[in-house]
Amino acid sequence: MNRQKSIIFFDGVCNLCNRSIDFIIKRDKNNQFLVGALQDDFSKKILSYYDVKEDYLDSLVLLEGDNIYYRSTAALMISRKLSGFWPFFYAFIILPAWLRDPIYDWIGRNRYRWFGKKETCRIPTPEEKSKFLSPENFSQKD
């Protein structure tokens, strides 16, 4: 599956994750991303084509081209495509993941306690609909 847009899969019931998606959508000036909740059936269908660890599907997964990225690597890969000064954070990619990921994991383990959790996944507003992954806006040639 080759496509021009990268897909960000996120925990749709996590308040921190939803705020992060809001942040990304506002700074995705070049329309490079689609976003989809990990709990969504269409997201699960797309991820089924890839060797994704089932036990990890509760946080952030980035699909870019045919590559899957997790944790701090996914966050840094996303930052390099955002507007503003956020691409400068990509410089941290030079640090090995074993140094970066413990911080990411610590936040991930505590995200529900610190930021809360919704009962259901977020529903995009009409303005956001084109940014959310769906059969209508997804194509392999996108």
Side-chain angles (χ1 to χ4, degrees), residues 1-135 137-140 142:
M1 284 186 185
N2 278 332
R3 76 197 60 72
Q4 292 175 337
K5 291 187 182 182
S6 300
I7 303 173
I8 302 167
F9 299 96
F10 67 101
D11 181 351
V13 298
C14 167
N15 287 335
L16 173 63
C17 301
N18 277 286
R19 288 183 199 142
S20 298
I21 292 302
D22 289 340
F23 179 89
I24 291 166
I25 288 172
K26 286 179 185 172
R27 288 157 184 82
D28 182 19
K29 302 293 185 196
N30 294 322
N31 201 27
Q32 298 179 79
F33 295 110
L34 288 175
V35 298
L38 288 163
Q39 295 87 348
D40 181 70
D41 289 336
F42 191 64
S43 292
K44 289 177 186 177
K45 179 180 177 183
I46 290 171
L47 287 170
S48 73
Y49 293 108
Y50 299 90
D51 187 22
V52 177
K53 302 170 205 155
E54 285 292 323
D55 64 341
Y56 188 73
L57 295 181
D58 68 345
S59 191
L60 180 70
V61 178
L62 174 67
L63 172 59
E64 196 165 86
D66 285 328
N67 299 309
I68 296 282
Y69 300 98
Y70 303 97
R71 302 159 92 183
S72 65
T73 301
L76 293 172
M77 299 285 284
I78 292 166
S79 75
R80 74 181 173 153
K81 292 185 174 183
L82 300 179
S83 64
F85 67 89
W86 299 103
F88 291 108
F89 282 97
Y90 186 69
F92 288 105
I93 202 81
I94 65 168
L95 297 174
W98 61 267
L99 281 175
R100 291 183 273 116
D101 284 346
I103 296 166
Y104 182 92
D105 292 342
W106 176 66
I107 294 167
R109 279 190 308 274
N110 293 291
R111 70 187 190 275
Y112 293 148
R113 187 167 16 130
W114 294 342
F115 300 97
K117 182 177 176 180
K118 298 176 185 295
E119 290 298 316
T120 60
C121 285
R122 165 192 181 160
I123 297 175
T125 66
E127 299 82 30
E128 295 173 333
K129 206 157 180 84
S130 68
K131 300 293 265 174
F132 276 71
L133 186 61
S134 69
N137 68 6
F138 174 80
S139 79
Q140 295 183 44
D142 211 8

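Here the structure is a predicted model, which is why all the values come from computation and not from measurement. Heavy atoms only: backbone and side chains are in, while hydrogens, waters and symmetry mates are out.
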Exercise for review: Can you tell me which residue pairs pass the salt bridge (Lys or Arg N to Asp or Glu O under 4.0 Å) test with a partner in residues 82-99, sequence neighbours excluded?
Suggested key: none
Practice item. Would you give the length of the straight line joining atom CE of Met77 to atom OH of Tyr90, rounded to the nearest 0.5 angstrom? Key: 5.0 Å
Practice item. May I ask you to check whether over 12 heavy atoms, not counting those of Phe92, lie within 6.0 Å of atom CZ? Key: no
Review point. What residues, two or more places apart in sequence or in another chain, satisfy salt bridge (Lys or Arg N to Asp or Glu O under 4.0 Å) together with Asp22?
Key: Arg122
Practice item. State the CD1-OH distance between Ile93 and Tyr69, to the nearest 0.5 angstrom. Key: 8.5 Å
Point to revise | side-chain contact (heavy atoms from CB on, under 4.5 Å) between Phe33 and Ile25, intermediate numbers included | key: CA-CA 8 Å; Phe33 295 110; Ile25 288 172; over 6 Å; no
Study note, to complete from the structure: Minimal heavy-atom distance between Lys118 and Gly12, with the atoms involved, is CD-O, 4.3 Å
**Study point:** Partner set under side chain to side chain contact (heavy atoms under 4.5 Å, CB included) for Pro124, not counting sequence neighbours
**Key:** Glu128, Phe132
Exercise for review: Calculate, to the nearest 0.5 Å, the distance between atoms CG and CG belonging to Leu133 and Asp40 respectively.
Suggested key: 7.0 Å
Practice item. For Asn31, check side chain to side chain contact (heavy atoms under 4.5 Å, CB included) against everything at least two apart and list the hits. Key: Lys5, Asp28, Lys131
Study note, to complete from the structure: Minimal heavy-atom distance between Pro102 and Ala97, with the atoms involved, is CD-O, 4.0 Å
**Study point:** Residues in side-chain hydrogen bond (donor to acceptor under 3.5 Å, both in side chains) contact with Asn110, at least two apart in sequence or another chain
**Key:** Arg113
Study note, to complete from the structure: For Arg19, the salt bridge (Lys or Arg N to Asp or Glu O under 4.0 Å) test, sequence neighbours excluded, returns none
Check your understanding: Does the side-chain contact (heavy atoms from CB on, under 4.5 Å) test come out yes or no for Leu62 and Ser6, once each step is laid out?
Key -> CA-CA 7 Å; Leu62 174 67; Ser6 300; 3.9 Å; yes
**Study point:** Neighbour count >12 (heavy atoms, 6.0 Å) for atom CG, Leu95
**Key:** yes
Revision key, fill the gap. Applying ring-ring contact (aromatic ring centres under 6.0 Å, His included) to Phe115 and not counting sequence neighbours gives none
Study note, to complete from the structure: Residue set satisfying side-chain hydrogen bond (donor to acceptor under 3.5 Å, both in side chains) with Arg109, at least two apart, ordered chain then number -> none
Study note, to complete from the structure: Residue set satisfying side-chain hydrogen bond (donor to acceptor under 3.5 Å, both in side chains) with Asn15, at least two apart, ordered chain then number -> none
Review point. Residues in side chain to side chain contact (heavy atoms under 4.5 Å, CB included) with Lys117, at least two apart?
Key: Val13, Tyr112
**Study point:** Which atom of Gln32 lies closest to which atom of Lys81, heavy atoms considered
**Key:** NE2-O, 3.2 Å
Practice item. Determine the sole option in Ile8, Leu38, Ile21 for which the side chain to side chain contact (heavy atoms under 4.5 Å, CB included) test with Leu60 is passed. Key: Ile8
Study note, to complete from the structure: Looking only at heavy atoms, the pair that brings Phe9 and Leu47 closest together is CE1-CD2, 3.6 Å
Study note, to complete from the structure: Contacts of Thr73 meeting side-chain hydrogen bond (donor to acceptor under 3.5 Å, both in side chains) (sequence neighbours excluded), chain-then-number -> Arg100
Practice item. Could you tell me whether Trp114 atom CH2 has more than 12 heavy atoms of other residues or ligands within 6.0 Å of it? Key: yes
**Study point:** Separation of Ser83 OG from Ile24 CD1 (nearest 0.5 Å)
**Key:** 11.5 Å
Check your understanding: For Phe89, which residues count as a ring-ring contact (aromatic ring centres under 6.0 Å, His included) partner, sequence neighbours excluded?
Key -> Trp86
Point to revise | Shortest non-hydrogen contact from Cys17 toward Cys14 | key: SG-SG, 2.9 Å
Check your understanding: Which heavy atom of Ser130 sits nearest a heavy atom of Leu34, and at what distance?
Key -> O-CD2, 3.5 Å
